[in-house]
Amino acid sequence: MAKETESAGKSLELERRQYDAIKKERNETAITGIIKGFFYLSLAGVVYFLVFFNANKLTGLLTAKNFFAPLISMSIVVLVAYLLGTGINKLIKNTLEQALESQKMREE
Amino acid sequence: MAGAVEIPAAVEAIKFVAMTPKMGLSLVAIGFVGGLLSGFLGSGGAFIMTPAMMSLGIPGIMAVAANITHKFGKAIMGSKKHGEFGNVDKKMGFVMFIALLAGVQVAVILNKGVFQKLGQAGSNLYISLLFVAILTWVTLFMYRDILRIRRGGSNIESDGGLAKKIREFNIPPMIHFKVANVKTSLWLALLVGFATGFLAGSIGVGGFIGVPAMIYLLGVPTYVAAGTELFLAIFSGAQGAFLYSLYGYVDLRIALFLYLGSILGVYIGAVGTRVVRGYQIKLVMTSVIAMVALSRVVIVPKYLGELGILSLSSSAAVAVDLISNVFLFGSGLLGASIILFWMWQALRKARSERTLEESVAVKV
């Protein structure tokens, strides 16, 4: 009886350690993800600064009505969408998405 | 979702707006509401974003250009996120896109014909009536389906309705869409794409038809329909962004401010599809479509007045415009509020479950 209680206690202790380890690992991954997210967001910030700092020059190029206009605007749009999207995705993945992990539903 | 873009022949003087902090913040907020609806429903950004930008004083054509340019990048990132969740059927997207382009072209030809015969007011009336007829039908259909699901029925329509009859249209070649897990006639998929394109070309909100059509006619799960619709928007967004930039209508500053809100919104919306049931997505879509349809019903007397069929005083016309805008903007705000409320509820539930788990672990 005592042996059984001891082994049950050990297994519970093991489970608790595993739980703590997983929790720690998750937190570390989350922190790395959040840092990466902020890195992408700061890169996006640099692009925003460049665009708004050179807004007059850019407006001239974008209203020139030649093929450079779509090339420039679409390249900037894709770059910004990628940087902002990746940054926000990493932040959301490691915060909101993780917090809602237990609430996932797929009934169809 | 607009399938193709027709640049107006009349050249509007390009006026670049002064970018004040208030203007910037307003654009971020507009982007967030549009992005949230797009991420959750797969469509529903453009119908509210363009008029909202116009109400800030941005010329109509530039509002459309900024919206479609920003939509291109938003759709790329939004469909990427939906793809992570297994919500995008690219094969279905490609098949539908081909037919969608044809649908848009037919609609543009028809719209031009109506415009030439009946003028601006007649064309507005035609578009509004089409809007009301189609969206009312979709609203009633979806509402009936939601009631059936809430009463405990299955998610797929099982009575002998029109949608079921169309879904059983088994003319070969049959095509299997792996992600959506449906096998359907290629002709039916093309028909849905064509109808979506026709509506996109006629009334500019093809997604309101595309998503319900994918759900009810092709039998696609609601969240896959939303993700696939967003994937389709990449192509129309690219085409629109290219054309409007070529004609010099794109103010990149507006598009960049929209991104700040819309990328955040589209990701939150996509995560939202994971924590709600399929019928809840349908419920939000139905509410938004119904209010947009109402906004068009209200405006019909104004167009009838312009055609000389109905006499309407100028103050009544202003009131009609105001009520129509209240319904239009209200639809977007209502949809966004419901989505955020459900997500907040899910978050609270998750937190309380975690607290309970942790207290049990500590006790053990």
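First the proteins, then the strands, lettered A, B, ... as listed; each starts at 1.
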Taking only residues two or more places apart in sequence, or in another chain, which ones meet B:Tyr267 in a ring-ring contact (aromatic ring centres under 6.0 Å, His included)? none
Over all heavy atoms of both residues, which pair between A:Gln98 and B:Arg354 is shortest? Give the atoms and the distance, please. O-NH2, 4.3 Å
Please state whether the rings of B:Phe242 and A:Phe67 are parallel, tilted or perpendicular, taking 30° and 60° as the class boundaries. tilted
Could you please spell out the steps behind the side-chain contact (heavy atoms from CB on, under 4.5 Å) verdict for B:Leu347 and A:Leu96? CA-CA 8 Å; B:Leu347 202 59; A:Leu96 184 69; 4.1 Å; yes
Let me confirm one number: the CD1-OG1 distance from A:Ile76 to B:Thr69, rounded to the nearest 0.5 Å. 11.5 Å
Which atom of B:Leu246 lies closest to which atom of A:Asn66, heavy atoms considered: CD1-O, 3.6 Å
Any donor and acceptor pair, going by atom type alone, linking the side chain of B:Arg274 with main-chain N or O of A:Glu97 inside 3.5 Å? no
Heavy-atom distance under 4.5 Å to chain A: side chain of B:Val271, backbone, both or neither? side chain
The test is side-chain contact (heavy atoms from CB on, under 4.5 Å); show your working for B:Leu264 and A:Ile92 and say whether it passes. CA-CA 9 Å; B:Leu264 180 66; A:Ile92 285 186; 4.2 Å; yes
Looking at every non-hydrogen atom in both residues, tell me the closest pair between B:Phe72 and A:Met74 and how far apart they are. CE2-CE, 3.8 Å
Which one of B:Leu260, B:Val266, B:Ile76 has the most heavy-atom pairs closer than 4.5 Å to chain A? B:Leu260
May I ask you to name which of B:Glu84, B:Arg351, B:Met19 has the most heavy-atom pairs under 4.5 Å with chain A? B:Glu84
List the steps, then state whether side-chain contact (heavy atoms from CB on, under 4.5 Å) holds for B:Ile268 with A:Ile88. CA-CA 10 Å; B:Ile268 293 178; A:Ile88 291 173; over 6 Å; no
Name the region of A:Val80, side chain, backbone, both or neither, that has any atom closer than 4.5 Å to a heavy atom of chain B. side chain
Proximity of A:Phe52 and B:Phe257 rings by center, below 6.0 Å: yes
Measure the spacing between CG of A:Leu61 and CG of B:Leu252 and express it to the nearest 0.5 Å. 11.0 Å
Check whether B:Ala270 gets within reach of chain A through its side chain, its backbone, both or neither, counting any heavy atom under 4.5 Å. neither
Non-hydrogen atoms of B:Ala346 and A:Gln103 that approach each other most closely: O-CG, 3.5 Å
Interface check, chain B: of A:Ala55, A:Ala99, A:Ser102, most non-hydrogen pairs under 4.5 Å belong to A:Ala99
Check whether more than 12 heavy atoms from other residues, nucleotides or ligands sit under 6.0 Å from atom CZ of B:Phe32, and answer yes or no. yes
Contact part of A:Ser73 toward chain B, heavy-atom cut-off under 4.5 Å: side chain, backbone, both or neither? both
Please give me the minimum heavy-atom distance between B:Met77 and A:Thr86, naming the atom from each residue. CE-N, 3.9 Å
Are the side chains of A:Leu100 and B:Met343 in contact, using a 4.5 Å heavy-atom criterion? yes
The interface call for B:Lys81 against chain A, heavy-atom contacts under 4.5 Å, is side chain
